[in-house]
Novice: 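Just dropping this structure here.
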Amino acid sequence: MTDTDMSDHSSDTSPNDATLPDPEDVVSDPEEVIMAQDSPRSAAAEISVTSNGDYDETEHNFNMDLKRSMPVGLGLSETHMTSHGYDAGDEGIIEAGTFQDERQPRSGPVVLAEEPRSTAIEKLELVRRWSLNTYKCTRQILSEKLGRGSRTVDLELEAQIEILRDNKKKYEHVLKLAQTLSSQLYQMVQTQRQMGDAFADLSLKSIELHEEFGYNADTQKLLAKNGETLLGAINFFISSVNTLVNKTIEDTLITVKQYETARIEYDAYRTDLEELNLGPRDATTLPKIEQSQQMFQMHKEKYDKMRGDVSVKLKFLEENKVKVLHNQLVLFHNAIAAYFAGNQKQLEQTLKQFHVKLKTPGVDAPSWLEEQ
């Protein structure tokens, strides 16, 4: 082979002599033109070049196919592409980052509301105040029992409260005795009724003693009937006294306990204020004295209010007690007197006077259909 032939052969196979395609043919497709315009990079930046600087048509076609497959609105500026030559180890590696829309609000740390924290602070403050108040009241009670502390005393009101407590104990004793009497009278009435039935049965079977058994049977039945009437009066007396003792008086005593608690708190803060006033007055103690003065004034108003409430309740209780016990004592006396006098009409009239309804033995309460 001659040198001329070798030069011709080398010119045919040289990659530098390869014919480059026309740029118009590369972007002849309208879609490619639009996407090329939308991309912020120039067309020259999208043309892949091999390691020796020549145009690589294969990689260019691959890039164009990738652009067609990408969603509308996503340009190559949003996707980082890395291309290597054919002699590289990894070919066609595409590094795509996550698409982020700047219009969407960015998620940040969630800030919790201050309500749970404020609620916890309020609870701690309540516990602190309760602990301080309990300490002051306990110290006041101990100092009073040991004879070292002073206490506020309303002599007239304290005397009324003491009388009320004493009367409550006595009324409870009377109530217990009335319940015992009712139970014993019930047993006696049941026995008298059984004896009346037994005498009546013997009156039918004994011809010789027919009249005698008959008289005794009638007497026992009459006593049982009057006993049931008296039992109704006693039970009504028990019910009224029980309401007075365990509801009306007890409600008043609850108010008295609240009054005594307010009195202890008042004395506790009064003692605390007196101790602060006896000490030095400087920038440190003045705020404490002012705060103690406010607490003292608040508990003083509470104490005065509770004292007024107790006075009013004691007055109404006395009026109600006199009215209730007057009627019940008259009923109890008239019923007992009529029963032991054997005056059946007077006994029945007494129950009608005080609107006492007796339950007929052996008869159940009417159903709601019968009441309709």
Side-chain angles (χ1 to χ4, degrees), residues 109-169 171-172 244-318 320-321:
V110 179
V111 180
L112 298 177
E114 294 294 334
E115 295 180 359
R117 183 179 178 182
S118 61
T119 304
I121 294 176
E122 291 177 358
K123 290 182 178 180
L124 289 175
E125 182 66 19
L126 290 176
V127 171
R128 188 188 68 83
R129 291 181 180 178
W130 175 83
S131 302
L132 183 61
N133 185 73
T134 304
Y135 165 74
K136 291 180 180 294
C137 294
T138 304
R139 185 183 63 176
Q140 177 66 24
I141 293 173
L142 291 176
S143 62
E144 290 178 2
K145 289 185 177 181
L146 295 176
R148 298 177 181 177
S150 62
R151 63 188 300 265
T152 303
V153 180
D154 189 332
L155 296 178
E156 182 180 358
L157 189 60
E158 292 289 339
Q160 294 178 2
I161 293 174
E162 190 64 27
I163 292 174
L164 175 62
R165 286 174 173 165
D166 185 60
N167 287 338
K168 184 175 183 291
K169 294 179 180 179
Y171 294 154
E172 288 175 344
L244 175 65
V245 173
N246 295 323
K247 291 185 178 180
T248 308
I249 295 179
E250 186 65 27
D251 179 70
T252 304
L253 289 178
I254 290 175
T255 306
V256 170
K257 291 179 181 179
Q258 295 175 353
Y259 157 74
E260 292 176 346
T261 302
R263 198 273 308 166
I264 293 174
E265 292 178 349
Y266 165 70
D267 284 338
Y269 283 93
R270 176 181 57 80
T271 303
D272 189 38
L273 180 61
E274 291 175 355
E275 292 177 355
L276 289 175
N277 287 329
L278 293 176
R281 292 176 175 268
D282 51 20
T284 304
T285 57
L286 284 178
K288 295 182 179 180
I289 294 175
E290 183 179 356
Q291 183 180 6
S292 180
Q293 179 69 34
Q294 294 176 357
M295 297 298 296
F296 166 75
Q297 188 64 29
M298 181 183 69
H299 285 87
K300 183 178 184 300
E301 294 175 358
K302 181 181 178 181
Y303 166 72
D304 293 338
K305 179 180 180 301
M306 293 305 304
R307 182 174 58 180
D309 293 345
V310 170
S311 299
V312 172
K313 282 202 171 186
L314 287 174
K315 180 180 179 181
F316 286 138
L317 175 63
E318 187 66 23
N320 187 27
K321 181 189 71 175

Novice: Arg270: which residues meet the side chain to side chain donor-acceptor pair (under 3.5 Å) condition with it, sequence neighbours left out?
Specialist: Ser150, Asp267, Glu274
Novice: So, using side chain to side chain contact (heavy atoms under 4.5 Å, CB included) as the criterion, who are the partners of Phe316 when residues are at least two apart?
Specialist: Val312, Glu319
Novice: Can you name the side chain to side chain donor-acceptor pair (under 3.5 Å) partners of Asp154, sequence neighbours left out?
Specialist: none
Novice: Considering only heavy atoms from C-beta outward, does the side chain of Met295 approach that of Met298 to under 4.5 Å?
Specialist: yes
Novice: Would you say the side-chain atoms of Ser143 pair up with the backbone N or O of Arg139, donor to acceptor, closer than 3.5 Å?
Specialist: yes
Novice: Taking Asp251 for the side chain and Lys247 for the main chain, is one N or O donor matched with an acceptor at less than 3.5 Å?
Specialist: no
Novice: State plainly whether the residues Glu318 and Lys315 are in salt-bridge range, i.e. N to O under 4.0 Å.
Specialist: no
Novice: Does a salt bridge link Glu265 with Lys136, judged by any charged N lying under 4.0 Å from a carboxylate O?
Specialist: no
Novice: List for me each residue that meets salt bridge (Lys or Arg N to Asp or Glu O under 4.0 Å) alongside Glu125, sequence neighbours excluded, and say none if there are none.
Specialist: Arg128, Arg129
Novice: Quick one: are Lys168 and Thr252 in side-chain contact, heavy atoms under 4.5 Å?
Specialist: no
Novice: With sequence neighbours excluded, tell me which residues meet side chain to side chain donor-acceptor pair (under 3.5 Å) with Tyr266.
Specialist: none
Novice: Who passes side chain to side chain donor-acceptor pair (under 3.5 Å) against Lys305, sequence neighbours left out?
Specialist: Asp309
